Each structure stands twice: as C-alpha cells, then as structure tokens.
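This report refers to the structure that appears directly beneath it.
All ligand and atom numbering here is 1-based and tracks the order in the structure. Computed from a prediction, not measured in an experiment: that's the story for all the values here.
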Amino acid sequence: MSGNKYKILIVEDEENILKFVKTVLSAHGYHVLCAKSGMDGWMLFESHCPDLVILDLGLPDMDGIQFLKRVRKKSSVPVLVLSARSNEKDKVEALDLGANDYVTKPFGTAELEARIRTALRNSNRWLERGSILQGKFHMGALEIDYDARRLFVDGQEVKLTQTEYNIVSLLSKQAGKVMTYAEIIQVIWGWNDSGSTKKLQVNMANIRKKFGERPGAARYIHNELGVGYRMNAEEEV
Ligand code: CA
C-alpha cells in the first residue's frame, strides 16, 4: 500500500543527480519529494514531514549546512548529506551538527540504498526509546507484529501510514499509561509547534476509523481529554 511508503525529501540543485536519486528510490518503493533549492526544500520539509532528508551541501540559495541547522532546530529526522567535496572538514561539521551520515559524490545505487536503510532503521530504534520492539503485542482483538511493522484487528490487517503505525506502537509500548500530547508529538515528529496537536488529533481520528472504532466507544485507545492518550494494557496470558 502506498500509505506505508517512507517519504524521502531530496534537496539537490544538480538536475542529473536529482533525477538519478529519484528514479532509484522510486523503483525501491520510496515516496520521493524533490527540491532544487534550500527554500523549496524547506517548504516541502515543513508541509510533508518527510521520514528522511537527503541534502546536498552546495545549494544555490543557501549553504546545505544552514539548511541542516534549520532542520535540527525543529526535528530529529534522519539527514543524509551529499557532498561533492572530498573535504573531511565539511563532513565532520555536518555530522557534528546532527547529520546521520554522508555519501560522497559520485556514489552508486547500492551504497545510497544501504545508507538510507540504516538511517531509517536507526531512527525507528530511536523512536522506540532505546529498547528495540520485538515480538507481538496483543490486546483484545488487536495484534501488533513489531518485527513486520504490521497491525491486525480481528485477524484482518489494518493498513496504517508510517506515522499512524509509529503512534500506535509508541502507545502500545506505554500501554496502560497516559502519554501526554506533548510527549507523543516530541517522539513522533521531534518538535512541537502550534499545529502539532491538531496533526496528532487528525492522525488519531484516522487510526480510530481504521480500527473501526466509533467516537465515544474506544476499545483500544482512550482520549484523556486535555491530557493525552492511553492505550489499554496488554492482556495477561
Ligand atoms: Ca550542488
């Protein structure tokens, strides 16, 4: 399902590299967003909340390092830096400022793909707060398969977006406890702004709909009004 695709933003002004990366990643099932300047990249970043950013350090309108700083002020999304320079100093500076990894141009398909997979895997680990989620979670008719990142209700798979899945798995990890809106927002998006609570509510409404829950008849996730959300505790077996 397209809803399960990771969203990757590429900010790169060189047309041929942009096209190459887009073609390769689309073929691997990623949803790719392209920007040729820092400003365009920033607009896409803010409006789409990508799961990973591929960032060229030499942009026409701003230094890639500046772009990275801006991202890190708001978010802990994985950033992979593209550098034409073999200059170690640039790479170290980018890593010091929070880039997750770098790829030196020219680079091959396999290398790029491997770096992306690692960065995404590490960010999912981070999401789980240091403890790797393994095995399965059961609660009533709900089952979460953490290894496969899949979710079932009454034995039927429920197709969630990455964000929706991340929210549900986070709540299941803390099942039985209330998680505040701010806590959830911090873990899922890495930053909190005026629109975040609304965004969380919209995601939660979609999750409930997909779970087949009616408003006021929550079987799995309870809205603690004005505080946050709580998932029912796992059944004791
Ligand atoms: Ca460039």
Side-chain angles (χ1 to χ4, degrees), residues 2-127 161-163 166 186 188-193 195-196 199:
S2 59
N4 267 333
K5 282 184 182 177
Y6 281 111
K7 259 185 284 181
I8 298 184
L9 168 65
I10 315 168
V11 189
E12 164 65 88
D13 58 314
E14 282 166 70
E15 184 83 39
N16 53 340
I17 295 180
L18 195 67
K19 271 191 181 156
F20 167 72
V21 173
K22 184 180 164 68
T23 305
V24 166
L25 297 185
S26 301
H28 279 85
Y30 295 105
H31 177 68
V32 185
L33 305 158
C34 297
K36 286 189 189 171
S37 68
M39 280 316 294
D40 286 353
W42 188 249
M43 273 164 55
L44 286 174
F45 180 81
E46 290 215 293
S47 54
H48 286 82
C49 300
D51 299 295
L52 182 136
V53 178
I54 299 175
L55 176 65
D56 177 36
L57 285 184
L59 296 171
D61 57 338
M62 67 170 83
D63 195 318
I65 290 287
Q66 266 178 283
F67 189 91
L68 173 63
K69 283 185 187 168
R70 246 169 121 167
V71 168
R72 277 294 169 263
K73 270 190 194 152
K74 286 200 122 188
S75 162
S76 48
V77 65
V79 177
L80 206 61
V81 162
L82 295 181
S83 172
R85 319 159 197 180
S86 55
N87 191 344
E88 298 301 310
K89 232 181 75 188
D90 288 333
K91 292 171 186 166
V92 171
E93 186 182 11
L95 292 173
D96 279 347
L97 287 167
N100 296 63
D101 207 345
Y102 57 85
V103 183
T104 306
K105 298 179 195 173
F107 51 87
T109 308
E111 184 190 5
L112 179 67
E113 243 265 302
R115 296 289 173 85
I116 288 171
R117 276 202 310 270
T118 304
L120 287 171
R121 197 162 55 229
N122 289 341
S123 78
N124 288 333
R125 282 206 188 118
W126 167 83
L127 177 69
T161 66
Q162 289 293 331
T163 301
N166 289 341
Q186 178 65 38
I188 300 297
W189 287 284
W191 76 83
N192 199 343
D193 60 36
S196 299
K199 208 159 57 178

field: Closest contact, heavy atoms only, V24 versus H28
entry: O-ND1, 2.9 Å

Enumerate, atom names and distances included, each donor-acceptor pair closer than 3.5 Å involving a side-chain atom of residues 36-46, sequence neighbours excluded.
from, atom 1, to, atom 2, distance (Å)
K36, NZ, E15, OE1, 2.4
S37, OG, D40, N, 3.2
W42, NE1, E46, OE1, 3.4
E46, OE2, K74, NZ, 2.7

query: How close do D51 and K5 get, heavy atom to heavy atom, and via which atoms?
result: OD2-O, 4.2 Å

query: So which protein N/O/S atoms does the Ca ion (ligand 1) have within less than 3.0 Å?
result: D13 OD1, D56 OD2, G58 O

query: Considering residues at least two apart in sequence or located in another chain, which fulfil the side-chain hydrogen bond (donor to acceptor under 3.5 Å, both in side chains) criterion with R70?
result: none

N/O donor-acceptor pair under 3.5 Å between S75 side chain and V71 backbone: no

- request: Please name all residues satisfying side-chain hydrogen bond (donor to acceptor under 3.5 Å, both in side chains) with K22, sequence neighbours left out, ordered by chain then number.
  value: none

